[in-house]
Structure formats: C-alpha cells, structure tokens
Amino acid sequence: QVQLVESGGGLVQTGASLRLSCAASGPTISTYAMAWLRQAPGKERKFVASISRGGDSIGYTDSVKGRFTISRDNAKNMVYLQMNSLKPEDTAVYYCAAGLYENNWTSWGRGTQVTVSS
C-alpha cells in the first residue's frame, strides 16, 4: 500500500506562510483521493482539506477556506498544502492521508508539527 512522508512544518509567527509536502511511495497516488488532517493538543484529529484523484474536486473545512490550498502532482507522487495567513489556532500536527473513498483514509504519514506563535 501507499506510504506517505510529510515535511515542511515549523515554528512561524501569526500571518506567516508555510507549504507542507507529502511524498508518496509504492502505488502511484493517482489511484487515491488525498487529504490533509490535523490534530491539536488535547483534541481529536480533524479534516482540513481533500483533493480527488485527478485534482478536479477539492474541499476544505470552513476554518481554512480562503487561506489554505491543497494541490497534487501525480507525476511526482506529491501532495501539497499551501498555508497562508496562519493563526495560532492552526497549531497542530498535520497528517497526509490517502484513500479510495472520501472519509475512508486508509494510509497515513507520521505527521509534521506546525506551531504558530502570536
């Protein structure tokens, strides 16, 4: 099955930007819908964004609309999350996920930490 590794997290100030990357190995990611989810301290893991196999259908949770952009490059087996206008409430471990169906994310990376200071 597909294996995922996230990178690009870090410590930034409010209003800064980061781009997270997800590198996949194994089967081509063109087989899968892809998503980013995040888990803040003491909270459940929550959906952030998803993108369909061909990149034509994209969805976001309301709190990141207009600030975050998910994209994919199937030829490079990469998925990205561009995060702009970061807020302290965006602080979380961000996970890349893959699945054959939306809300059935069956493959996960180990996560990358994003910390936003005020």
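Side chains included, hydrogens not; waters and symmetry mates left out as well; all remaining heavy atoms used. In this chain, residues are counted from 1 in sequence order. Computed from a predicted structure; not experimentally measured.
- Of all the heavy atoms in A49 and L81, the pair that sits closest is CB-CD1, 4.3 Å.
- In this structure a side-chain-to-backbone donor-acceptor pair under 3.5 Å is present from T91 to V116.
- Through direct or indirect side-chain contacts shorter than 4.5 Å among Ile, Leu, Val, Met, Phe, Trp and Tyr, Y80 is connected to M78.
- Atom CD of E89 sits in a crowded spot, with more than 12 heavy atoms from other residues, nucleotides or ligands closer than 6.0 Å.
- The nearest pair of heavy atoms linking S118 to P88 is CB-CG, 4.3 Å.
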For this session: Evaluate the side-chain contact (heavy atoms from CB on, under 4.5 Å) criterion for residues T106 and Q1: first the C-alpha distance (whole Å), next the side-chain angles of each, then the deciding distance (0.1 Å), finally the verdict.
Result: CA-CA 9 Å; T106 56; Q1 62 180 23; 5.7 Å; no
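- Residues W108 and Y101 do not share a hydrophobic cluster, clusters being chains of Ile/Leu/Val/Met/Phe/Trp/Tyr side chains in contact below 4.5 Å.
- By the side chain to side chain contact (heavy atoms under 4.5 Å, CB included) test, A16 pairs with V12, sequence neighbours left out.
- Residues D90 and R38 have side chains in contact (heavy-atom distance under 4.5 Å, counting atoms from C-beta outward).
- Within the model, atoms OG of S30 and CG of D73 stand 11.5 Å from one another, a figure rounded to the nearest 0.5 Å.
- Summarising the geometry of L4 relative to S107, their closest heavy-atom pair is CD1-O, 3.6 Å, with the distance given to 0.1 Å.
- In terms of heavy-atom proximity, G99 sits nearest to W105 at N-CE3, 3.6 Å.
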Exercise. Run the salt bridge (Lys or Arg N to Asp or Glu O under 4.0 Å) check on K65 and D62 step by step: do they pass?
Worked result: CA-CA 5 Å; K65 287 180 179 177; D62 286 345; 3.0 Å; yes
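- Closest approach of R67 and S85 over heavy atoms only: NH1-O, 3.0 Å.
- Linking ILVMFWY side-chain heavy atoms closer than 4.5 Å, directly or via other members, places Y60 and F47 in two distinct hydrophobic clusters.
- Between L86 and F68, some side-chain heavy-atom pair lies under the 4.5 Å cut-off.
- Atom CD1 of I58 sits about 8.5 Å away from atom OG of S50, to the nearest 0.5 Å.
- Contact detail for C96 and M34: the closest heavy-atom pair is SG-CE, 3.8 Å.
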For this session: List the steps and the verdict of side-chain contact (heavy atoms from CB on, under 4.5 Å) for T31 and V2.
Result: CA-CA 10 Å; T31 306; V2 64; over 6 Å; no
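- Looking only at side-chain heavy atoms (C-beta outward), R72 and I29 come within less than 4.5 Å of each other.
- How far CD of Q82 is from CD1 of I70: 12.5 Å, rounded to the nearest 0.5 Å.
- For T14 (side chain) and S117 (main-chain N/O), a donor-acceptor pair under 3.5 Å exists by modelled atom type.
- Residues Y94 and E6 are not in side-chain contact: their nearest non-hydrogen atoms beyond the backbone lie 4.5 Å or more apart.
- Grouping the Ile, Leu, Val, Met, Phe, Trp and Tyr side chains by contacts below 4.5 angstrom, directly or via other members, places V64 apart from L37.
- Hydrophobic clustering keeps I51 apart from Y95 (ILVMFWY residues linked when any side-chain heavy atoms are closer than 4.5 Å, directly or through intermediates).
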